[in-house]
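Read through the structure below, which is laid out as structure tokens, and then see the notes.
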Amino acid sequence: VAVTGWFFAAAHMRHALIGMDYDQHGAREAYRKAVSLRASLSERDGAFLDAIEPYIQREPSDRALMVSRMNALAARYPGDAEVAFWQAWPIRKIGLDESNAARLLELSDRCLALDPKYADCWQAKEVSLVVLGRRDEALAAIARCLEVSGGAIDCLRDLGDLQAVSGQCAAMEAT
């Protein structure tokens, strides 16, 4: 049986989002594949695809428009943890200060209220807590990330960074 990719539109969409930090050309190609397979997407994923378009397809990427569209998507799908995560995600990309770290924390907590096993939201919470100077809570959040997803490389990296900054060299070496 030949696999046509018809069922992979949502995977291409997520690959595009994740890949933008590493391979813009590949991410944009994944986005184009998702668009070409749009008919197989749910209504929610079709709206999600539209929301990320300014970030993926525009040169330069328009994060502000993505944020606006994600906020609208979150209002439309208030019980969706993935939408809540991606609503929070652009905040990390603009450089965190106390003001937007507080917003990231708020959105991360909202995401975790919807899905307490969403590892990316635990990591986003940890990042916000570090910026807010709440290191003990940040360590607890990153530990929770690793409880729900032991192989989460971002969480392992962040744990090592926190341990290094705290002078916990033996713990960092173990991590």
Side-chain angles (χ1 to χ4, degrees), residues 10-23 27 30 34 42 44-45 47-49 51-52 55-56 61 63-64 66-175:
H12 289 302
M13 176 181 68
R14 286 169 181 86
H15 172 236
L17 265 171
I18 294 165
M20 277 299 283
D21 284 342
Y22 310 102
D23 175 14
S42 66
R44 180 267 195 200
D45 278 354
F48 195 98
L49 188 68
I52 66 173
Y55 175 65
I56 308 281
S61 292
R63 286 192 182 111
M66 178 185 166
V67 168
S68 174
R69 289 182 180 184
M70 276 295 168
N71 289 341
L73 194 62
R76 186 171 167 192
Y77 296 98
D80 191 313
E82 184 182 29
V83 170
F85 170 74
W86 287 104
Q87 182 186 18
W89 178 85
I91 295 170
R92 294 179 60 187
K93 296 298 177 180
I94 59 173
L96 288 174
D97 59 23
E98 279 196 28
S99 172
N100 55 14
R103 177 70 174 142
L104 179 60
L105 179 59
E106 173 189 324
L107 291 170
S108 298
D109 282 341
R110 184 170 150 259
C111 178
L112 291 166
L114 295 168
D115 183 354
K117 292 186 178 186
Y118 202 140
D120 288 329
C121 294
W122 282 109
Q123 192 219 8
K125 180 173 182 158
E126 172 263 335
V127 167
S128 65
L129 290 166
V130 166
V131 172
L132 295 169
R134 295 161 56 183
R135 292 207 188 275
D136 289 342
E137 291 174 80
L139 277 166
I142 211 65
R144 185 69 177 119
C145 178
L146 291 166
E147 283 176 32
V148 300
S149 182
I153 193 72
D154 291 344
C155 294
L156 285 167
R157 182 200 61 231
D158 285 6
L159 176 59
D161 290 347
L162 282 170
Q163 290 165 332
V165 169
S166 301
Q168 300 172 4
C169 298
M172 185 183 117
E173 186 177 323
T175 297

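All values derive from a computational prediction rather than experimental measurement.
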Requested in this report: Measure the shortest side-chain to side-chain distance between Arg14 and Asp45 over non-hydrogen atoms and say whether it is less than 4.5 angstrom.
Outcome: yes

Query - Inter-residue atom distance Met13.CE - Ile56.CD1, 0.5 Å rounding - result: 10.0 Å

Report summary line: Hits for salt bridge (Lys or Arg N to Asp or Glu O under 4.0 Å) against Asp23, two or more places apart or cross-chain, chain-then-number order -> none

**Report entry** Ser61 and Met20: CA distance, side-chain angles, deciding distance, side chain to side chain contact (heavy atoms under 4.5 Å, CB included) verdict
**Finding:** CA-CA 10 Å; Ser61 292; Met20 277 299 283; 3.6 Å; yes

Query raised in the report: CD/Glu126 to CG/Asp161 distance, rounded to the nearest 0.5 angstrom?
Result: 8.5 Å

Requested in this report: Drop me the distance from Ile52's CD1 to Arg69's CZ, to the nearest 0.5 angstrom.
Outcome: 10.5 Å

Query raised in the report: Taking atom CD of Glu106 and atom SG of Cys111, what is their separation to the nearest 0.5 Å?
Result: 13.0 Å

Query - Partners passing salt bridge (Lys or Arg N to Asp or Glu O under 4.0 Å) against Asp97 (at least two apart in sequence or in another chain) - result: none

Query raised in the report: When rounded to the nearest 0.5 angstrom, what is the spacing between CG in Asp120 and SG in Cys145?
Result: 7.0 Å

Query raised in the report: Phe85 and ring pair (Phe, Tyr, Trp, His ring centres under 6.0 Å): which partner among Tyr118, Phe48, Trp122?
Result: Tyr118

Query raised in the report: Taking side chain as C-beta onward, heavy atoms only, is Lys125 less than 4.5 Å from Arg144?
Result: no

Review item, side-chain donor-acceptor pairs of residues 168-175, under 3.5 Å, at least two apart:
from: Thr175; atom 1: OG1; to: Gln163; atom 2: OE1; distance (Å): 2.7
from: Thr175; atom 1: OG1; to: Gln163; atom 2: NE2; distance (Å): 3.3
from: Thr175; atom 1: OG1; to: Ala171; atom 2: O; distance (Å): 3.0

Report task. Would you sort out whether Trp86 and Tyr55 count as a side chain to side chain contact (heavy atoms under 4.5 Å, CB included), showing the intermediate values? Result -> CA-CA 12 Å; Trp86 287 104; Tyr55 175 65; over 6 Å; no

Please tabulate, for side-chain N and O atoms in residues 72-80, each donor-acceptor pair with protein atoms closer than 3.5 Å (sequence neighbours left out).
from: Arg76; atom 1: NH2; to: Glu43; atom 2: OE2; distance (Å): 2.6
from: Asp80; atom 1: OD1; to: Arg44; atom 2: NH2; distance (Å): 3.0
from: Asp80; atom 1: OD1; to: Glu82; atom 2: N; distance (Å): 3.0
from: Asp80; atom 1: OD1; to: Val83; atom 2: N; distance (Å): 3.0
from: Asp80; atom 1: OD2; to: Arg44; atom 2: NE; distance (Å): 2.7
from: Asp80; atom 1: OD2; to: Arg44; atom 2: NH2; distance (Å): 3.1

**Report entry** Closest non-hydrogen atom pair, Leu104 against Ala124
**Finding:** CD2-O, 3.7 Å

Query - Between CZ on residue Arg63 and OG on residue Ser68, distance to nearest 0.5 Å - result: 15.5 Å

Donor-acceptor pairs are to be reported for all side-chain atoms of residues 129-136 against protein atoms at under 3.5 Å, with residues two or more places apart or in another chain.
from: Arg134; atom 1: NE; to: Glu137; atom 2: OE2; distance (Å): 2.8
from: Arg134; atom 1: NH2; to: Glu137; atom 2: OE1; distance (Å): 2.9

Can you list, pair by pair, the side-chain donor-acceptor contacts under 3.5 Å of residues 148-159, counting residues two or more places apart and other chains?
from: Asp154; atom 1: OD1; to: Arg157; atom 2: NH1; distance (Å): 3.3
from: Asp158; atom 1: OD2; to: Gln123; atom 2: NE2; distance (Å): 2.8

Report summary line: When every non-hydrogen atom of Ala81 is compared with those of Asp115, the smallest separation belongs to CB-CB, 3.7 Å

